[in-house]
Student: 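Quick one: the structure is below, and I'll ask about it shortly.
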There are 2 protein chains.
Amino acid sequence: METLTEKTEGGAKANSPVPLLNPVEIEIIQIFVQFSRALGQPRSLAEIYGLLFISHEPLPMDTLIERLNLSKGSASQGLKYLQDLGAVQTVYVAGERRSHYKAVAELRNLAGRFLRRQILTPFEGGEIRLNRIAAQAQKLSGEQRKHINARVKMLRSWGRNVRRVLPFVLKILGDGI
Amino acid sequence: METLTEKTEGGAKANSPVPLLNPVEIEIIQIFVQFSRALGQPRSLAEIYGLLFISHEPLPMDTLIERLNLSKGSASQGLKYLQDLGAVQTVYVAGERRSHYKAVAELRNLAGRFLRRQILTPFEGGEIRLNRIAAQAQKLSGEQRKHINARVKMLRSWGRNVRRVLPFVLKILGDGI
DNA sequence: TATTTTGTTCAATATAAAATGAACAAAATA
DNA sequence: TATTTTGTTCATTTTATATTGAACAAAATA
């Protein structure tokens with residue numbers, strides 16, 4: 001993940017010698033970055049979520065940009081995505097004009113929305129295709145048709161099982177804390 | 001996904017007018033391609049698995065290369081990956097020198113190995129980090145330390161829940177067909 | 001043994017995805 | 001109203017990943 005501390009180049013203007021992130025923040029963010037890779041999500045999302053997760057107070061976008069070394073665009077889009085997912089919420093901070101953000105840390109909600117978006121929705125599109133395939137298959141000769149019908153049946157069953165498993169997953173994830 | 005039928009360019013040598021894939025194969029492969037995107041896996045894996053899944057007989061690498069328009073490298077690496085995952089097996093075909101491949105179509109096994117690789121392994125690395133973080137946190141002042149300890153506790157709980165949920169998932173996926 | 005078939009490896013290339021930052025808009029303040 | 005602050009959008013650039021294909025190796029056949 002590259003060092004996340006200020007690179008003090010030997011330039012004219014003295015750079016701030018203070019690290020952008022402390023060791024704890026770095027480790028926490030690395031956990032989320034690693035996990036985001038496993039889920040195929042962009043690193044910037046993990047960085048944003050990670051820093052908000054470990055921060056004891058809500059942070060404005062500027063702070064995220066500065067400390068994570070993000071572009072405005074990434075920060076803005078990343079926060080929007082995380083809000084849509086329900087992983088981040090805005091918080092009103094007295095006397096502050098800027099929106100402040102905090103991590104929503106309920107695994108059940110996070111996982112639920114993510115799984116629904118990522119797994120369930122693609123599976124639903126599949127249903128439509130399976131009907132088309134079943135229709136097509138009837139035009140084919142005996143041997144072929146039989147095999148295709150079996151496969152279609154199997155995919156339908158997979159779909160049912162996946163849909164069936166979600167509520168259980170969410171229940172278990174929601175139980176302990 | 002681009003049309004997957006032979007592009008009969010008006011060249012000198014007459015191209016085979018026979019489509020590389022029939023409509024049913026195309027639809028099935030599209031289902032797997034769509035799903036692979038959701039899981040962040042390369043398209044070529046989905047194409048290979050999809051064609052083997054719907055084929056009523058085991059296929060050699062050559063056939064996959066030809067019909068899916070893959071390079072040798074992709075086909076070789078893709079088959080290796082799918083075999084490691086347990087999603088594809090080699091089959092002996094009498095009188096044939098080349099290995100033939102077939103799709104392993106048990107959702108339980110597929111999902112199990114995939115989840116273990118993709119989710120569980122990264123989570124385990126996290127445990128080590130959490131211990132380092134917990135140690136670091138003790139150096140900090142009261143307010144901060146309290147919050148970090150709470151977060152570490154939460155992440156540990158997430159890890160437990162994720163590990164706890166896997167057996168249930170596998171059980172349900174293995175039940176119906 | 002020489003030749004063909006079959007398959008692997010990996011540096012180079014192509015492709016897809018994420019990040020950037022300039023231009024813009026909306027709202028708050030002076 | 002003019003100016004500053006805050007945030008969004010999106011064409012361009014960068015980065016990461018997948019794919020290619022030439023070189024290579026191993027095994028089977030002639």
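Every chain is numbered from 1, with letters handed out A, B, ... down the list of sequences.
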Student: What's the closest nucleotide to the A:M61 side chain, out of C:dT9, D:dT20, D:dT8?
Tutor: D:dT8
Student: In whole angstrom, give the distance that lies between atom CD of A:E66 and atom C1' of D:dT6.
Tutor: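 About 15 Å, once rounded to whole Å.
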Student: Do A:V165 and A:N161 make a side-chain contact, defined as non-hydrogen atoms from C-beta onward lying under 4.5 Å apart?
Tutor: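 Counting from C-beta outward, A:V165 and A:N161 never come under 4.5 Å.
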Student: Counting only side-chain N and O atoms of A:S99, is one of them less than 4.0 Å from OP1 or OP2 of D:dG7?
Tutor: yes
Student: Nearest heavy atom decides the nucleotide; on that basis, is A:Q41 or B:Q83 closer to the 5' end of DNA chain C?
Tutor: B:Q83
Student: Closest to the B:S71 side chain: D:dG21, C:dG21, C:dA16?
Tutor: D:dG21
Student: How is the base pairing of DNA chain C summarised as a dot-bracket string, given the Watson-Crick and G-U wobble criteria with both distances under 3.5 Å, [ ] for crossing and | for another strand?
Tutor: ||||||||||||||||||||||||||||||
Student: Quick check: closest heavy atoms across A:A103 and B:R151, and the distance to 0.1 Å?
Tutor: O-NH2, 4.3 Å
Student: How many Å lie between CG on A:D62 and P on D:dG7, as a whole number?
Tutor: 7 Å
Student: Honestly curious: do B:L120 and A:L107 fall in one hydrophobic cluster under the side-chain, below-4.5 Å linking rule?
Tutor: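 Same cluster: B:L120 reaches A:L107 through Ile, Leu, Val, Met, Phe, Trp or Tyr contacts under 4.5 Å.
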Student: Over how many whole Å does the gap from A:K80 atom NZ to D:dC10 atom P extend?
Tutor: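 So the two atoms are 11 Å apart, to the nearest Å.
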Student: Any idea which of C:dT8, C:dA19, D:dG7 is nearest the A:R98 side chain?
Tutor: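 Comparing C:dT8, C:dA19, D:dG7 against the side chain of A:R98, the answer is D:dG7.
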Student: Is the positively charged end of A:R117 above the ring of A:Y81, judged by distance under 6.0 angstrom from the centroid and angle within 45° of the axis?
Tutor: yes
Student: Would you kindly give the OH-to-C1' distance between B:Y81 and D:dT19, to the nearest whole Å?
Tutor: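 Between C1' of D:dT19 and OH of B:Y81: 16 Å.
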Student: Contact between A:V104 and A:L82 at the side-chain level, heavy atoms closer than 4.5 Å - yes or no?
Tutor: no
Student: Take atom CD1 of B:I65 and atom P of D:dG21, then tell me their distance rounded to the nearest Å.
Tutor: 11 Å
Student: Could you state the CG-P distance from A:L68 to C:dA19, rounded to the nearest angstrom?
Tutor: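 Nearest whole value for this atom pair: 12 Å.
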Student: What integer distance in Å separates A:L79:CG from D:dT8:C1'?
Tutor: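 After rounding, the reported distance stands at 12 Å.
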Student: By nearest nucleotide on DNA chain D, pick out whichever of A:R97 and A:S74 is the more 5' one.
Tutor: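 Counting from the 5' end, the first nearest nucleotide belongs to A:R97.
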Student: Mind checking whether A:Y49 and A:F32 have ring centres under 6.0 Å apart?
Tutor: yes
Student: Taking A:R67 for its side chain and A:L20 for its backbone only, find out whether a donor-acceptor pair lies under 3.5 Å.
Tutor: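 Yes.
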Student: Hey, is the side chain of B:S44 poking within less than 4.0 Å of OP1 or OP2 on D:dT19, counting only N and O atoms?
Tutor: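 For B:S44, the contact criterion (side-chain N or O under 4.0 Å from OP1 or OP2 of D:dT19) is met.
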Student: Among C:dT20, D:dT8, D:dT19, find the nucleotide with the atom closest to the side chain of B:P42.
Tutor: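 The answer is D:dT19, which lies nearest to the side chain.
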Student: Nearest whole Å is fine: how far is D:dT13 P from A:K72 NZ?
Tutor: 21 Å
Student: Can you establish whether the number of heavy atoms outside B:R145 located under 6.0 Å from its atom CZ is more than 12?
Tutor: yes
Student: Where the side chain of B:Q77 is defined as all heavy atoms beyond and including C-beta, which of D:dT19, D:dT9, C:dT20 is the nearest nucleotide?
Tutor: D:dT19
Student: A:R37 side chain: which of D:dT19, D:dG7, D:dA16 is closest?
Tutor: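 Of the options given, the side chain of A:R37 lies nearest D:dA16.
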